[in-house]
Structure formats: C-alpha cells, structure tokens
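So you know, we letter chains A, B, ... as the sequences are listed, proteins then strands, and number each from 1.
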Amino acid sequence: MKRLLLALSLALPLLASAQQLTVSAAASLTDAFKELAPKFEATKPGATLRFNFAASGVLLQQIAQGAPVDVFASADQETMNRGAEQKLIAADTRRDFAANSLVLITPVQGSPAIAALADLGKPDVKRIAVGKVASVPVGRYTQQALEGAQLWAGLQPKLVFADNVRQVLDYVSRGEAEAGFVYRTDAELLKDKVRIAMTVGNHAPVTYPAAVVADSRQAALARDFVAFLGGAEAQAVLAKYGFGKP
Amino acid sequence: MTADLWSQFDAAPLALTLRVAVFATALALVLGVALGWVFARTRLPGRGVLEAVCMLPLVLPPTVLGYGVLVLMGRRSALGGWLREHFDYTVIFNWHGAVIASALVALPLVLKGASSAFAQVDRHLEAASRTLRQSRWSTFVRVTLPLAWPGILAGTLLAFARAMGEFGASLMVAGSIPGQTQTASMAIYDAVQAGRDDLALMLALVISAVSVAILVLSNRYLQRSPS
C-alpha cells in the first residue's frame, strides 16, 4: 500500500501538467531561453516550459535513450543530423533559428598575450580548455579550426576537455586554463572575467537548429515553440544576448 | 565486435584509478590514524567540532568538496598562487588533485575505524608497557597500534574502495584529460555521454570485477587476522 502511494505521488506531477513542454537545449542557449520562457507561456495560457540544458551531444543521447523530451535545440547541424538519421526528431519540423561565432578567450587577470592561434603553442600557455569533441559542438568547431591551422595534434598535451561550453567558460574565468574556445555569446556574459582574444574562423558555420522530437506527446505545442523561436519576439531576445540570425 | 572492442580497450584509466586510490588511501591512512588517536585519547578543546568537520566529506555532496578544493588550491587562492609562483606547480588538472579529492572522501572511513579501534584498546596493557620503561611512542607502535590494527585495516579497505569509485570531486579538480587525469569512472562518464555504450559497459564490467577481487581478498585477509 505504501509503495502504491509512493508510486502515485511520483506519477502525480506528470498527470497534473498535461501542458508541460520539455525543451532540451544547448548549454549556450541557457540565458536566452530562460528569458524567452515567460514570453512563450504568455502566448499559450496553461502551458509551462521545462528546460534541460547540456551539451547537444549529451541531450541527443538522452533522447535516444527515451527521455521524455518535446523539443530539441542543438548548437550545431551535425548533432541534429545524427538525430534525423536515427529518426529521433521529426525532420520536417527542423528549423534554424540562431547563429553564433567561435572566439578564443583568456582570463582578464594575468593571462599571457595571445593574438593569434599560433600563440597557443607558447610555453606560458599551459592549459587550453575545449569542449569534448565527441559530445560538445563547440569542441568540434574548435577541432576544425585548430586542424585547419595545423595546431590540433601539437596542442593535444595542453587540452582540457569540458562537458559543455559553460564549463570551458568556467575554467578560463577562474584562471585555471590560460585560454579556451567558447561562443561569443558565452564570453559576453562574463566580460569582467574573460577577454575575447580573437574571433576564430575556419570552421563550419555555427547555426542552431530546433526540431520537434519524434516521440513528443505535445507535438502541436512543440511545433508552436519551434515557430515561436523564429518569430520577432524571440529573435529580439536572442539578439540581445548576441545571437545572430541564421 | 567483441574482439574489436577489446583491441581498442585502453587500460590507462584503470591504471590511473588504482594509482590514485593507492596514494589517496595512504594519505587518508596517515591522517586518519593520527586524528583517530587524537579524538579517541585526548581531551583537546573543540574536539567534537573538529571531528564533525573531519567527518563532513561522508555527508557532503562531492561537488561541495570539489568546489572547496578549487577555492582553496586554485590559482586565485593564496596557497594555489604561491605554489604556482614558486614551484610552477598546481593540483588543478593534475592527477595529484584527484588524489587530494579522493583522500578527503576516504578520510572519514579510516578516521572512524581508527578512533573506535583506539577507544577499545585495553589501557591496562599500555600502562603495563609504560611500567616496562617503554616510551610513549614505543608503546604506541608496539602495543596500541597492533591491538587497534584490525579496526584500522577494515576502515582502510573501505577507504580504498571508496577512493576507487570517486568521481564528482576529482572531476571538478583534476578534469577529465585522457591519459593524464581520466580515471575509470570519468572514462565511463565520457563513454556514456558520447553514446559509446559498448565501451561504457566494458569498463563498468572490468572495474566491477577488479572491485569484487579486492573485496574478496580483503575479506579473506580480515578473517585470517587474529581479531
């Protein structure tokens, strides 16, 4: 009897919020999406948004394992392509809604002078924070740029791999890594602690696609949210945080 | 497929896990025995509070410990800055950091085992040793320590097992750098995140087998020891 009650009490929140939409979004979208939530909820009375922020690869993995997610917003096309290949997302709902750029950052306090990618090879640059290549999009953009500059292999011993872009930001802002690769929008959040040394090119364009998850039980509401992301109101918030148009 | 998986199996995370656990347990053993003796035998003022502080790692989330080490030993801290300036040394992103984090979580287990073992040692035997003109230190090494040893050893084995499984605090302090600071638990975490379930499962099986072997051996040893 006790067990039954416990099971019921655990299941209740699921029943009570029939209009709850779960959005799995790339870590770099954290602040912008939190600000978007009340604006979307205002247009859909009774609907509430629930966010799950992590590295895009991790989010896709959760969806593949059957996590109850309605909308997936990735920080790169490659992760979304993988989702489409595995039929985890409704491909016809896919839509790009934002763009970003890759930057090299250093701590404001006591960082070595870095003006070009080649400066990362200097001996006073001991640790360079990058996203994990297998699961974090910013790590893959970084790999593309450093491979293009013939530096990736040589810098390996200095690389510290982070779980998501915000962890890279954290490592650099604490000064534990002398340099790191994040998106411009992340660097702008901690202007007092990190300095943008340069904008990094030579990688696939950083664009953010969103799509309805194939197993979503709120498909209609999920479509509305994806459409909302492309609308003027959402675009204004994204622009405020420094995201570009796709 | 299985043969293919074995061929790409990397033993480095397991070797590092054992290395970290051995050093962390050694550190916890020395500190735990010393503190255990102090808590069991002395009337140090503020003992109760100090003991509670030492036991904290048992109940605190590993993230709090990791954050604590970052704050106390990170580059911006007094100690971390000094070490970096004078010795060009840092425990952050270094496997030594994982040793410190693991020793912290393992300390309460040795400490508790040691302090209750010391409390149970017959004081008359120590007194007898003193009447035979043995120094305090000699009495401690030749009488107290051997009598308390089974309790200390039991705590130490638990501490070793706990150190082997440490994840959260080590990850925050040492990071997950393949070949340098990536322990088995971190390698499993990475494999799951990357969708490499086959690799994660294999590592999980190997570390489970190693742990069972250690527990079986320690049980046998404990049964044989005269206690």
Side-chain angles (χ1 to χ4, degrees), chain A residues 27 54-67 78-79 82-83 85-86 88 106-112 123-137 139-140 155-164 167-168 170-180 193, chain B residues 8 10 12-13 63 66-85 87-98 167-168 170-183 185-201:
Chain A
S56 302
V58 174
L59 296 172
L60 183 70
Q61 210 48 46
Q62 291 171 346
I63 294 169
Q65 306 281 0
E78 189 179 327
T79 307
R82 279 193 236 159
E85 280 159 24
Q86 298 174 53
L88 297 171
T106 58
V108 164
Q109 273 180 41
S111 66
D124 52 351
V125 178
K126 296 203 168 56
R127 291 290 185 195
I128 305 162
V130 300
K132 286 177 187 170
V133 173
S135 53
V136 189
R140 277 195 296 275
L155 290 175
Q156 282 297 318
K158 295 184 176 186
L159 300 184
V160 184
F161 294 94
D163 280 350
N164 58 59
Q167 196 175 15
V168 176
D170 180 61
Y171 283 161
V172 178
S173 68
R174 288 183 185 283
E176 305 301 353
E178 284 83 3
K193 290 184 177 154
Chain B
Q8 44 174 295
D10 182 9
T63 43
Y67 179 66
V69 175
L70 278 180
V71 169
L72 293 176
M73 304 199 71
R75 184 186 299 186
R76 300 276 158 80
S77 69
L79 180 60
W82 185 79
L83 282 173
R84 194 180 159 81
E85 200 169 309
F87 302 99
D88 197 20
Y89 172 83
T90 175
V91 299
I92 314 296
F93 300 141
N94 180 333
W95 70 275
H96 299 165
F167 172 70
S170 302
L171 182 66
M172 287 177 74
V173 174
S176 176
I177 308 173
Q180 293 180 34
T181 68
Q182 190 182 63
T183 59
S185 53
M186 295 179 199
I188 291 172
Y189 180 63
D190 272 15
V192 172
Q193 280 194 328
R196 295 290 314 274
D197 283 20
D198 46 356
L199 198 62
L201 179 66

Quiz item: How about Gln156(A): does its CD atom have over 12 heavy atoms from other parts shown lying under 6.0 Å from it?
Solution: yes
Self-check item: Proximal to chain B - members of residues 54-64 of chain A, heavy-atom separation under 4.5 Å
Solution: Gly57(A), Val58(A), Gln61(A)
Quiz item: Is Pro13(B) close to Met186(B) at the side-chain level, that is, under 4.5 Å between some pair of heavy atoms?
Solution: no
Self-check item: Min side-chain heavy-atom separation Asp190(B)-Ser176(B) under 4.5 Å
Solution: yes
Quiz item: Should the pair Asp124(A)-Lys126(A) be classified as a salt bridge under the 4.0 Å nitrogen-to-oxygen rule?
Solution: no
Quiz item: Listed by chain and number, what are the side chain to side chain donor-acceptor pair (under 3.5 Å) partners of Thr79(A), not counting sequence neighbours?
Solution: Asp76(A), Arg140(A)
Quiz item: Do Leu70(B) and Ile92(B) have side-chain heavy atoms sitting under 4.5 Å apart?
Solution: yes
Quiz prompt | Thr106(A) vs Pro112(A) side-chain heavy atoms within contact, under 4.5 Å | solution = no
Self-check item: pair Tyr189(B)-Asp163(A): side-chain heavy atoms closer than 4.5 Å
Solution: yes
Quiz item: Which residues pass the side-chain contact (heavy atoms from CB on, under 4.5 Å) test with Arg127(A), sequence neighbours left out?
Solution: Val160(A), Ala177(A), Glu178(A), Phe93(B), Ile177(B), Gln180(B)
Quiz item: Just checking heavy atoms, which of residues 128-137 of chain A are less than 4.5 Å from chain B?
Solution: Lys132(A), Ala134(A), Ser135(A)
